[in-house]
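It should be emphasised that the depicted structure is a prediction, and the values quoted were computed from it without experimental measurement.
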Amino acid sequence: MPPSPPDRGLNVIALISGGKDSLYSLLHCIRNGHRVVALANLYPEPKKSPDSQHASETKEQATAKEHDEEEEEEEEEEEEEETEDIDSFMYQTIGHSVIPLYEPALGIPLYRAPITGDAVDTARIYRHDAADQAAETSSLQDQGEDETESLVPLLRRIKEAHPEANAVSAGAILSTYQRTRIENVAARLGLVPLAWLWMYPSLPPPTERGTDSMAVVEAGLLEDMAACGCEARIIKVASGGLDDGFLWGDVSGERPLRRRIVKAMRRFAAPEDLRGAVLGEGGEYETLALDGPGFLWKQRIDIVSRETRTAEGGVAFMSLKGARCVPKDAEHEGAFSPQDVRRPALLDAPFASIASEDLSSPPLSSLSGSTTETTVTTAWSGCEPVHRQTGTTWTISNLIAPEAGTGAGEQMKGIADKIQQELKASHARSTDDIVFTTVLLRSMSDFASMNSVYVSLFKKPNPPARVTVACGDRLPANVKVMVSLVVDLGARDHRQGLHVQSRSYWAPANIGPYSQAMSVPVQEEGRLVYIAGQIPLDPASMELVPPEQTEGYRLRTVLALQHLWRIGEAMQVVWWTGAVAFLAGSEHSDARAQVAWRLWEKMHARPVDPEDADEEDEGPQLDIWDIKYGRRAEELAPPDSSWVLPKFSILKADSATSVPPFLAVQVDELPRESDIEWHGLGSRCRQAQLTTQTTGSTFITESGTYSVIEIESVSALDMAKTQCPTLVQATLYTTQNISAGSWPGQIVPCRSVWGRGGRRLAAGVVLHREKSDSIDYMQ
């Protein structure tokens, strides 16, 4: 649910290392309609005179004469044997002597600077413990400058030379360590981060590759590089599975080499790590890009002389001499176009299959020109904040501040002050402990002014997940903004967050003050995963799926749920405790609620054959940070575990249903004028049970119970209130007029509410109890 509008035609600074991934990312920039205006490279600090180093650092500021002298120095350096290669978590440095040739090869200006500092901040998430992640200096400054900071002055100099630059691309595939560092620098410099290859191994194959029965499945990214004429040679191996016999092999050339790499890595890489290892993501091998399609590569790079060298620990590498640019073969010059750069399919196979089905009865297409009247409602007549606490969870609901002013920004400032005062006074906590927020607006036109204040509350890398909807005149009079929040009172270092800010093909980027997900421990081994609301954005363009499509709503509903699913899988959710589908607009509202329900139902249908159920989760993917520190990533599911949610093996045999609790609610507006937004709460648990009654459904685990009560009358609502005293959360989605103090929890005023089967309701209540001693709320 990214708040900002899409950026069209970005002007990109491309971070290049010489490796296959950073250069291939340039092709995706062009494929997606963007322009690469500059290349940026960091290289090992040269061991030569200060004057020579100064000349390299001030290249773009030099006079024409000085520039020519530097080019002559670079040509001389190209004739020298490359000897400097440093072990860096962030940057590939082997082959750095060839980097100057990318400027004439691609016809794009190149800017370089030496790497200064070391890997000082070795946390998986960059500046995770900093008081302010956007500050120029960090709390670790006394230990020396982190190598990540070398990017800052380099990118600033490029922005001065190219003021039109507004984005930066990198080749991160699975490394959270690398991605969060680039995102941090990009945010501080006002650049949009692009990571086209992020989670590429787990994405559905492009249509073109799907028809190729000879493709090496585990090397899908390399297959796609080969399909558009890339050439990338292995220049270093550092894995027990690869020896010097692989050196100078073209990973994007003939398939036999890719098959050899897969076969070799199978002997040394765990199944869940195989695809990452085949791509060299864990440092198993490093490459040097020498050629590519003519729409980017104006010349190709030729290496005159090379020699195999060995080092300790089974490392082998190529010593390169005499690199130069040479003309490309005329027959290959126009062989490829940007359209030959393969993009992953928009939908995973299960979602694509469901998207082709008719999920409504009657079909949406048969309702052309008709509308469904919304429930007649009146404004919420009052509001009082509600505090609830059980165990390690504290909720503060329905915060407003109309006394602060008439504008949304003024009222958000008043609410922010109240939040900080409450956190400090009650539990000596801060906004760092908030894991989820619900923001209700009177109008989406108030979003920008609200968000400009909201962002000031969160300085850490993983801000809370968030849902934002507009309720119109259903909010109390004079209220422009209302905020409810969930505070985790447990140990901060036990939380896990996912905040991918880079644009990719995976899921919508969250550029702003909220994360895709926050995971907190409950009881002994369980976890709750709060996930931000998801609207149907194409992740690559950050634009909504076109509304003019005949069955556009069905596709948008499926895509938004897929975003929720991918984030859930990345956070190792095994089952949903329940979901709320927010709908905007009045046309076909009953039919649209039914589509959402049918989709939710189909995604949880029991497998026909027990052997079709998911395999046990084999654990997360490794990256270079894990390799050095001996820890496993807990934020990303293995890229080849394509379908781990829902995990039917944890569902008790006596469960009455396999479909978790569900509500669909109609509000006035959603972000970006979307007509659908999915919000879900995920669970990581050992065992679960689902029950269903005429009044709702319940999800039960060893660590908590989650119920949805379907309310058809005010009397039923009064009965539901009797369950609230022992609850952590009690959220009411209601079409009824609510008076001040009448509900002991969070309130979301709605136009209409639907339950299971698309049944229209007066209200729906979501209840959460931390322990499962008394599991049946439904009387």
Side-chain angles (χ1 to χ4, degrees), residues 1-3 371-380 383 397-400 408 436-447 450-451 465-477 479-484 514 531-537 544 547 553 556-557 560-561 564 578-597 600 662-681 708 710-711 731-738 743 745-755 758 760-766:
M1 192 185 63
T371 61
T372 303
E373 290 186 2
T374 59
T375 303
V376 177
T377 60
T378 55
W380 183 2
C383 182
S397 303
N398 313 327
L399 286 170
I400 60 174
F436 184 75
T437 65
T438 302
V439 179
L440 305 183
L441 300 174
R442 181 168 292 270
S443 169
M444 273 296 161
S445 63
D446 292 326
F447 182 91
M450 176 280 298
N451 201 51
R466 182 176 74 178
V467 164
T468 304
V469 301
C471 300
D473 59 9
R474 292 285 288 124
L475 286 179
V479 171
K480 295 288 187 69
V481 184
M482 182 167 69
V483 177
S484 298
Y514 69 108
I531 297 182
Q534 298 298 312
I535 61 175
L537 295 173
L544 286 172
Y553 172 74
R556 292 192 295 275
T557 304
L561 188 62
L564 189 76
V580 176
F582 291 96
L583 311 178
S586 60
E587 288 192 357
H588 322 317
S589 56
D590 282 324
R592 290 190 292 121
Q594 186 182 92
V595 168
W597 158 252
W600 184 250
F662 167 90
L663 283 176
V665 301
Q666 181 186 6
V667 294
D668 279 41
E669 297 174 279
L670 295 173
R672 303 280 188 88
E673 299 182 347
S674 177
D675 52 7
I676 178 71
E677 176 177 343
W678 284 96
H679 164 56
L681 180 65
V708 166
E710 299 180 353
I711 305 297
T731 303
L732 172 65
Y733 299 88
T734 179
T735 64
Q736 304 300 304
N737 183 27
I738 301 297
W743 178 255
Q746 180 183 347
I747 302 173
V748 181
C750 311
R751 297 293 179 186
S752 302
V753 179
W754 297 266
R760 189 180 278 260
L761 307 171
V765 177
V766 177

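- When side chains are defined from C-beta on, Phe582 does not count as touching Ile535, because their heavy atoms never get closer than 4.5 Å.
- For the atom pair Leu681 CG and Phe436 CZ, the distance stands at 8.5 Å (nearest 0.5 Å).
- Residues Asp446 and Leu441 approach most closely at C-CD1, 4.4 Å, considering heavy atoms.
- Taking 4.0 Å as the cut-off between side-chain N and carboxylate O, Asp668 and Arg751 count as a salt-bridged pair.
- In this structure, the side chain of Glu669 does not engage the main chain of Val667 through any donor-acceptor pair within 3.5 Å.
- Of all the heavy atoms in Phe662 and Ala581, the pair that sits closest is CE1-CB, 4.3 Å.
- Considering all non-hydrogen atoms of both residues, Cys750 and Val665 come closest at SG-CB, 3.8 Å.
- Side chain of Arg442 to main chain of Val479: a donor-acceptor pair is present (N/O by atom type, distance under 3.5 Å, no hydrogens or angles).
- Although no hydrogens or angles enter the test, the distance criterion places a donor-acceptor pair under 3.5 Å between the side chain of His679 and the main chain of Ile531.
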Under the side chain to side chain contact (heavy atoms under 4.5 Å, CB included) criterion, do Leu732 and Val748 qualify, and how do the steps go? CA-CA 6 Å; Leu732 172 65; Val748 181; over 6 Å; no
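- Side chain to side chain, Gln666 and Ser752 meet the donor-acceptor criterion of an N or O pair below 3.5 Å.
- Here CH2 of Trp754 is found 5.5 Å from CG of Leu583. Values are rounded to the nearest 0.5 Å.
- For the atom pair CH2 of Trp743 and OG of Ser397, the computed distance is 11.0 Å after rounding to the nearest 0.5 Å.
- In this structure, Thr468 and Glu677 approach most closely via the heavy-atom pair O-OE1, 3.7 Å.
- With a 4.5 Å cut-off on side-chain heavy atoms, Leu544 and Leu537 count as touching.
- Here the CZ-CG distance, from Arg760 to Asp590, works out to 4.5 Å after rounding to the nearest 0.5 Å.
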Evaluate the criterion side chain to side chain contact (heavy atoms under 4.5 Å, CB included) for residue pair Leu399 and Met482; output intermediate values, then yes/no. CA-CA 5 Å; Leu399 286 170; Met482 182 167 69; 5.8 Å; no
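- Between the CG atom in Asp473 and the OG atom in Ser443 there is a gap of 11.0 Å [rounded to 0.5 Å].
- Side chain of Thr731 to main chain of Val766: no donor-acceptor pair is present (N/O by atom type, distance under 3.5 Å, no hydrogens or angles).
- One distance of note links NZ of Lys480 with CD1 of Ile400; it measures 13.5 Å at 0.5 Å rounding.
- Cation-pi geometry between Arg592 and Tyr553 is met: under 6.0 angstrom from the ring centre, within 45 degrees of the axis.
- A donor-acceptor pair is defined here as one N or O able to donate and one able to accept, closer than 3.5 Å; such a pair exists between the side chain of Ser484 and the backbone of Asn398.
- Side chains of Asn737 and Arg474: a donor-acceptor N/O pair is absent below 3.5 angstrom, by distance only.
- In this structure, the side chains of Leu440 and Val481 stay at 4.5 Å or more apart for every pair of heavy atoms.
- For the pair Ser674 and Ala584, the tightest heavy-atom approach, listed with the atom from each and the gap, is O-CB, 3.6 Å.
- Considering all non-hydrogen atoms of both residues, Pro749 and Leu475 come closest at CG-CD2, 4.1 Å.
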Tell me, with the steps shown, if Leu761 and Leu663 meet side chain to side chain contact (heavy atoms under 4.5 Å, CB included). CA-CA 10 Å; Leu761 307 171; Leu663 283 176; 4.1 Å; yes
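- Of the possible donor and acceptor atoms, none in the side chain of Trp678 sits under 3.5 Å from a partner among the backbone N and O of Leu564.
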